2 protein chains.
Amino acid sequence: MHSPAEVAARYKEQGRRLTPQRQLLFSLMHNNASHPTAEGLHEVASKRMPGISLRTVYQTLDELSDMGEIQLMHGDGGALRFDSNVDEHHHAVCAETGELFDVYVDNIESLRAQLPAGFEVQNVSIVFHGRLAKKKSQTTTKSPARPQTVRAKSTKRSPRRTSRGSTK
Amino acid sequence: MHSPAEVAARYKEQGRRLTPQRQLLFSLMHNNASHPTAEGLHEVASKRMPGISLRTVYQTLDELSDMGEIQLMHGDGGALRFDSNVDEHHHAVCAETGELFDVYVDNIESLRAQLPAGFEVQNVSIVFHGRLAKKKSQTTTKSPARPQTVRAKSTKRSPRRTSRGSTK
DNA sequence: TCCTTATTCGCACGACTTGCGAATAATCAC
DNA sequence: GTGATTATTCGCAAGTCGTGCGAATAAGGA
Ligand SMILES: [Mn+2]
Ligand SMILES: [Mn+2]
Ligand SMILES: [Zn+2]
Ligand SMILES: [Zn+2]
């Protein structure tokens with residue numbers, strides 16, 4: 001999303017009022033890569049502004065979403081998550097922590113998919129499920145991302161068995 | 001999922017009892033490509049067995065999931081959906097109807113993704129969002145799927161504006 | 001400062017799912 | 001077939017997450 005100042009400007013342009021609650025939320029969401037839930041954001045906001053209501057957090061996030069400043073993410077069935085990154089990107093989910101990371105994929109068009117006849121694709125969302133290996137804490141250099149080709153560890157699914165026997 | 005008879009056999013092997021409710025649900029889920037919700041399945045089941053409870057539908061679907069006979073799908077934030085297809089596959093969602101279609105992708109490994117450093121991918125899920133164009137109803141030939149390369153119509157997102165002006 | 005009305009925020013409610021336990025019924029031993 | 005055992009069903013309560021509602025409050029302009 002845009003900077004708090006820019007978002008504030010857009011708010012004014014639209015006749016919306018600049019409240020302390022909104023300004024706080026603008027700053028908390030700006031450059032926020034944690035994909036927070038409403039409750040999570042509310043907790044953080046409450047430290048700086050005790051008394052701010054969860055309802056207001058929901059409302060402001062909805063406004064930002066309507067304005068295209070943030071994106072909504074449904075996901076694992078848990079709480080809705082808010083994404084301050086509105087660029088075209090995808091996600092990696094750590095199965096252990098539930099953390100979400102942004103992932104950029106540049107060759108989605110190359111996917112060979114057997115789509116239903118007559119289906120017109122508008123956009124594609126990809127989620128990489130996996131684990132973030134424990135850092136060997138060698139070079140403290142924050143190496144956020146690294147280009148690589150996907151290689152699933154094992155496509156092993158649920159514990160199915162080969163039903164053999166009295167199947168008539 | 002396996003055939004009702006096979007699932008029934010697996011149930012017995014595990015000391016579970018074969019009730020009419022379960023048997024009905026086995027048959028309703030077998031080869032069911034509609035990715036139904038619990039409520040949807042309950043409605044259908046209620047026609048053949050008036051009185052069957054929604055609670056039992058949830059319970060049985062959970063059992064089938066635990067046994068690896070079906071898969072759970074979270075998704076758009078609405079109700080949980082149950083997938084009788086446990087093969088490795090992906091989905092296409094019609095934005096108009098919400099219908100879900102199975103999609104097979106054979107070259108996921110070719111994706112070039114900038115994953116977080118140290119992230120080990122276990123599996124990837126892809127969702128194609130779009131619309132199912134109205135059939136010209138020419139050949140009634142049910143042509144379920146057709147291989148093709150993905151080509152998004154337009155990556156246009158939310159209605160953002162170029163914040164120009166009083167940005168300090 | 002005063003007025004207008006957008007905003008905040010608590011509460012109720014809705015959608016979806018799960019916990020709980022009494023009543024019921026499937027399965028087995030005899 | 002009869003009876004005992006206990007897994008299962010099912011209604012209801014409760015939990016989670018998000019939204020509708022409206023009175024009290026406060027932003028922003030006159
Ligand atoms: Mn909205
Ligand atoms: Mn389960
Ligand atoms: Zn993101
Ligand atoms: Zn499917």
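Each chain gets a letter, A, B and so on, in the order the sequences are listed, and its residues count up from 1. Everything quoted here is computed from the prediction, not taken from an experiment.
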I'd like a table of atom pairs between the protein and nucleotides 18-21 of chain C - only N or O on both sides, under 3.5 Å - with the distance next to each one.
residue	atom	partner	partner atom	Å
C:dG19	N7	B:Arg55	NH2	3.0
C:dG19	O6	B:Arg55	NE	2.7

For the pair made of CD in B:Glu63 and P in D:dT9, what is the distance, rounded to whole Å?
7 Å
Looking at A:Gln21, does any N or O in its side chain come under 4.0 Å of the phosphate oxygens OP1/OP2 on D:dA27?
no
Between C:dA15 (P) and B:Arg81 (CZ): distance, integer Å:
18 Å
With a 4.0 Å cut-off, would you call B:Glu120 and A:Arg131 a salt bridge?
no
Test item: B:His30 side-chain N/O and B:His2 main-chain N/O as donor-acceptor pair under 3.5 Å:
yes
Side-chain donor-acceptor pair present, A:Glu88, A:Tyr104, cut-off under 3.5 Å
no
Polar contact flag, side-chain donor to acceptor under 3.5 angstrom, A:His90-A:Ser125
no
Nearest-Å distance for atom pair CG/C1', residues A:Leu72 and D:dC17
14 Å
Ring centroid separation B:Phe128 to B:Phe101 under 6.0 Å:
no
Whichever of B:Ile52 and B:Gly15 has its nearest DNA chain D nucleotide further upstream toward 5':
B:Gly15
Side chain of B:Arg22: nearest nucleotide among C:dC9, D:dT8, D:dA27?
D:dT8
Hey, is the side chain of B:Thr19 poking within less than 4.0 Å of OP1 or OP2 on C:dA26, counting only N and O atoms?
no
Could you check whether B:Gly51 gets within reach of a base, just the sugar-phosphate, or nothing at all, counting any heavy atom under 4.0 Å?
sugar-phosphate
Any donor-acceptor pair under 3.5 Å from B:Asn107 side chain to A:Ser110 backbone:
yes
Whole-Å distance, B:Gln14 CD to C:dT27 C1', equals 17 Å
Ignoring the backbone of B:Leu18, work out which of C:dT27, C:dC9, C:dA26 is nearest its side chain.
C:dT27
Mind checking whether B:His91 and B:His35 have parallel, tilted or perpendicular rings, split at 30° and 60°?
perpendicular
Quick check for you: among D:dG28, D:dA7, D:dA27, whose closest atom lies nearest to any side-chain atom of B:Arg17?
D:dA7
Whole angstrom value for the distance that separates P of D:dC17 from CE of A:Met73
16 Å
Which nucleotide sits closest to the side chain of B:Ser53: D:dC10, D:dA27, D:dC17?
D:dC10
Spacing of A:Leu25 atom CG relative to C:dC9 atom C1', expressed in whole Å:
14 Å
Between C1' on D:dT19 and CG on A:Asp66, what's the gap in Å once rounded to a whole number?
14 Å
In whole angstroms, how far is the C1' atom of C:dT17 from the CG atom of A:Asp76?
14 Å
